[in-house]
Amino acid sequence: MVLELETKLGEAIRATLKENYDLAVENVPLETPPDLRFGELATPVAFELARKLRKAPRVIAQEIVAALGAVEGFAGFEVAGAGYINARLDRGFAARLVVESESHPSHKNKDVARVGHPDSGPMGHPVHSLVEHTSINPNKAAHIGHLRNAILGDTFVRLLRAAGQKVDVQNYIDNTGVQVADVVVGFLHVERKSAAQVRALVAECEMRAASEGHAAAIDYYCWDLYARTSQWYGEGSEDKQAAKKKLRYDTLHLIEHGGNETAEIAELISTAVLRRHLETMLRLGIEYDFLPRESEVLHLKFWESAFEQLKKTGVLYFETEGKNKGCWVMTRPGAETRDGETDEDAKVIVRSNGTVTYVGKDIAYHLWKFGLLDRDFGYQPFFRYPDRECWISAVESRKDHPHFGGATAIYNVIDSRQSDPQANVIQALRGMGHTAEADHYTHFSYEMVALTPRCAVELGYTVAEEDLGRPYIEVSGRKGFGVKADDLIDKLIAATRAEVDARQTGRDGAERRKIAEQIAIGALRYFMLKYTRNSVIAFDFKDALGFEGETGPYIQYAVVRIRNIFRKGETTAEAVLEQQVSESASQRFSEPESQHDAASGAVAAFLSGQANEDIWALWLRAGRFSLVLEQCIAASEPAYLAKHAFQLAQEFNNFYHKHHILTEEDPRRKTFLLATAAVVLRELVKALALLGIESPEAM
RNA sequence: GGGCGAGUAGCUCAACUGGAUAGAGCACCGGCCUUCUAAGCCGGGGGCUGCGGGUUCAAAUCCCGCCUCGCCUACCA
C-alpha cells in the first residue's frame, strides 16, 4: 500500500514540476516523516529546486501543493517547516488497499509485481537469479559462522522469490581443496588408518549417528581430526615438517587428479560430510537446488575453455619480467598501469609451472553461471527433500536432469574477507566485455561471527592474554575453535523445550517438541538476521539464548496472541478480511462515483482522531511490506525485513494491551478491531515466513 | 605501504542511503497478571554520533586530514 501510494505521489509531483516549471526531475525524493503529525509521506523536493528556481523553498512548496490538486488516495497536502511538502493519506482508501493487497487470491499485488521486475529483466519476464550460499569445505562440522552465511542466503532467496523472481539456489562444494586433503592426511598419516578402515569408520559413524545423535557423526569426528592434523603439521623437526608439508601437497594433487585410492577416500569423506551439512541446514528449513563441485570444474575442463576466452580478450597477459615472470597474470581492479612498466602487483592466474590458481577456476565457474561457457556440468540426484530433489554435479548426467546456470543475475553469499578475490572475478568478466554480467554480479558480503572472550572461556578454550581484552575472537575451523551449528541448535531446543513443557501442559510430547523446535529455530534465524550484514556478530550464549525483547520468539508470540483472539472469538482472520473485502466491493458497486463509500468511510472514522492514532500507525506499518521488500532487495539487506517484523509486532503488542477486542461493545468497532488484528496477523506470518521462521499455534 | 570495513547510550545494535526532536533491545530502577497467554505492557535515568576542518537550506551519513580497531593484500588452495 505505502509503496503504491508513494509511487503515485511521486508521479503526480513529477508531472506537476514538468507542467509548471518545465523541469524533468527523475526521482522525486519521498520519505516517511518522523511523526504522524507531519502526515504519512513527505518530500523535501522544494529544497533542491530552490537554487535552480531562485525562490524560497517554502514558496516553491506552496506552488507545488496548489498545482497538485487532488490525488487519489490522498486526503490533502500541506507545507511545513522551511519547505517540506507533507502528504496525508485518505485513511479509508489506504486501509482498503491494505486489506485487499493479498487476502484475495485474484487480486494481484501491484507493489510486489513492480519489485519483481527491475530494469535488468527483459520486458515482462521475471529475472532469473542464482544465489550461492553455505559453501562449507566438506571436511568438518558446520559452525556458527556457516549458519550466518546459510541463513542470510536462504532468507535472501525467499525475498527474491517473493518478489516474483525465478531463483536457483546453489551450494558450491570445494571437495578437492587443501582442507579436504588435510583430513585425508589425518586419516591416513596421523591416525594411520588403511583405506578399508576409513570406509568402515564412515559406515560406523553413520550407524551410530542414527541412534546416538549427530555428535557421533562423521562431521564431528572430522572436526577434531582436522584440528589435530593442523597442529600435527607444525610438530617435529624442520625436516619432519617439510616432509609433512610435501605429504600434504602430494595428497592434494592426488585428490585433484582423481582416479586413485586417495581421491576415493576424499570423495567418500567429503560426500558423507556434505550430507551432514545438508541435514544440519534442513533443520533450519534451508534447501538447495544444485551442488556444483570443484571436482567437476576440474574434470570437465571448465578452465581450459575459459583460458582461451581470457587470452583472446587480452584480460590475461604473459609476464616476461619481474617476480611474476613466466606467469599468466591479470591487472587488479583499480590498479594504475603504466606502459612499459611491469605490474608487480598483478594477480597471478596461471603459475609459471602451468597450474591454475583458485581465482582462475572461479572465473571459469562464473562464466558458466552466466551461460557464457561452452561447457556444462553433468547432473545426478543427490539429496531428497520432502517436495523436491537436490542435484549434484557429476561427469555423466542422469537422463531427465534439470539444467542450471545461465542466470541473468547472481548473488554470492561470501564473507567480507573474500571481497578481493570476488572483485578479481568481476574485473575479469568486465575485461572480457561481459559488462552486463559484471553489473549483475553481487558479492553479497557479510562480516564474520566471532566469539566473545567470555564465551570462549565458557566453552573451555584457553584464551591468550591479549585476546581477553578484545571484543571478539575469530572462530577457526583449522584450530577447532568455534561453536558447532548442531550443538547450538540442540542447546536452543533444550532451552525452549523446558519452557514449552512448563507452559503447554495440555499438549502431548510430539506437539510440545514441534513448538519448541519452531521457537528455537525462530530465535536462531532472527538472531542471525537482525544485524546488518557488515556488523561483526560477537557471539555469546546469553544473547543467542534470549527469548525476550528483539528476538524471533517475541514476534512469534504476537502471532500466537492474535490467533488466540480469533480462537476465543470463534471466527477466523480469513473470514474477517473476506467480509471487509466484499463489503467495500459492494459499496463501490452501488456508488461508483463516491470515493468515500460507506464501508471505507466507517473504517476511516475508526482510524481518525487522536485516540486512534496508534491504530492507524499499526495499519500504516502493516502496509509497508512491499516497500520494505523492495529496500531489502535493492540493498541486499534482509535485516530490514527482520526489523520491520519486529516493529510491527511491537506496535501490535502495544495495541493489544490498550484495546481489548473481544469485550468491545460497539459491534462495528469490534469488527474493525478484529480486522486490524487480522491484517497484522497476515503481515506477521508473511514476514516471518520470508525470514524462514514458522508461526507456532501456541507457545 | 596499498585496499576494504568499522568507531553512535554502561553493553549489543538501528537510523528509510543527505532530511524535521539520533531510535530499539539488553542491563539497571519503579509500576501492571480473577479481562483476548506477563516469552508481554507502561514509566524512568542515560548521547559533544572517535577528533579537527570543509561542502549546503540541511551532515551520524558526503569530502579532506588525523586517531583507534578488524580484515584483505603469497606463483598456498
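A salt bridge does not link E447(A) to R148(A): none of the charged nitrogens lies less than 4.0 Å from a carboxylate oxygen.
For an aromatic pair to be called close, the ring centres must be under 6.0 Å apart, and F652(A) with F655(A) satisfies this. Ring centroid separation for the pair F47(A) and Y84(A) comes in under the 6.0 Å cut-off.
At a cut-off of 3.5 angstrom, counting only N and O atoms as typed in the model, there is no donor on one side facing an acceptor on the other between the side-chain of Y554(A) and the base of U37(B). Judged by atom type and distance alone, N653(A) does not reach the base of A39(B) through any side-chain donor-acceptor pair under 3.5 Å. Between the base of U21(B) and the side chain of R37(A) there is a donor-acceptor pair shorter than 3.5 Å.
Base-pair partner of G19(B): C57(B) (Watson-Crick or G-U wobble, both distances under 3.5 Å).
Residue H443(A) is out of contact with every strand shown, counting any heavy-atom pair closer than 4.0 Å. Within the 4.0 angstrom heavy-atom criterion, base atoms lie near N564(A). Here S352(A) lies in heavy-atom contact (under 4.0 Å) with a base. Within the 4.0 angstrom heavy-atom criterion, no nucleotide atom of any strand lies near Q418(A).
Each of P471(A) and P421(A) has a nearest nucleotide on RNA chain B; the 5'-most of these lies closest to P471(A).
Nucleotides G18(B) and A9(B) place their P atoms 23 Å apart, quoted to the nearest Å. Nucleotides C69(B) and C32(B) have their P atoms positioned 49 Å apart, rounded to a whole Å. Taking atom P on both A22(B) and A38(B), the two are 34 Å apart, rounded to the nearest angstrom.
With its glycosidic angle within 90° of 0, C33(B) is assigned syn.
Just one of H366(A), H443(A), Q418(A) meets the side-chain hydrogen bond (donor to acceptor under 3.5 Å, both in side chains) condition when paired with N412(A); it is H366(A).
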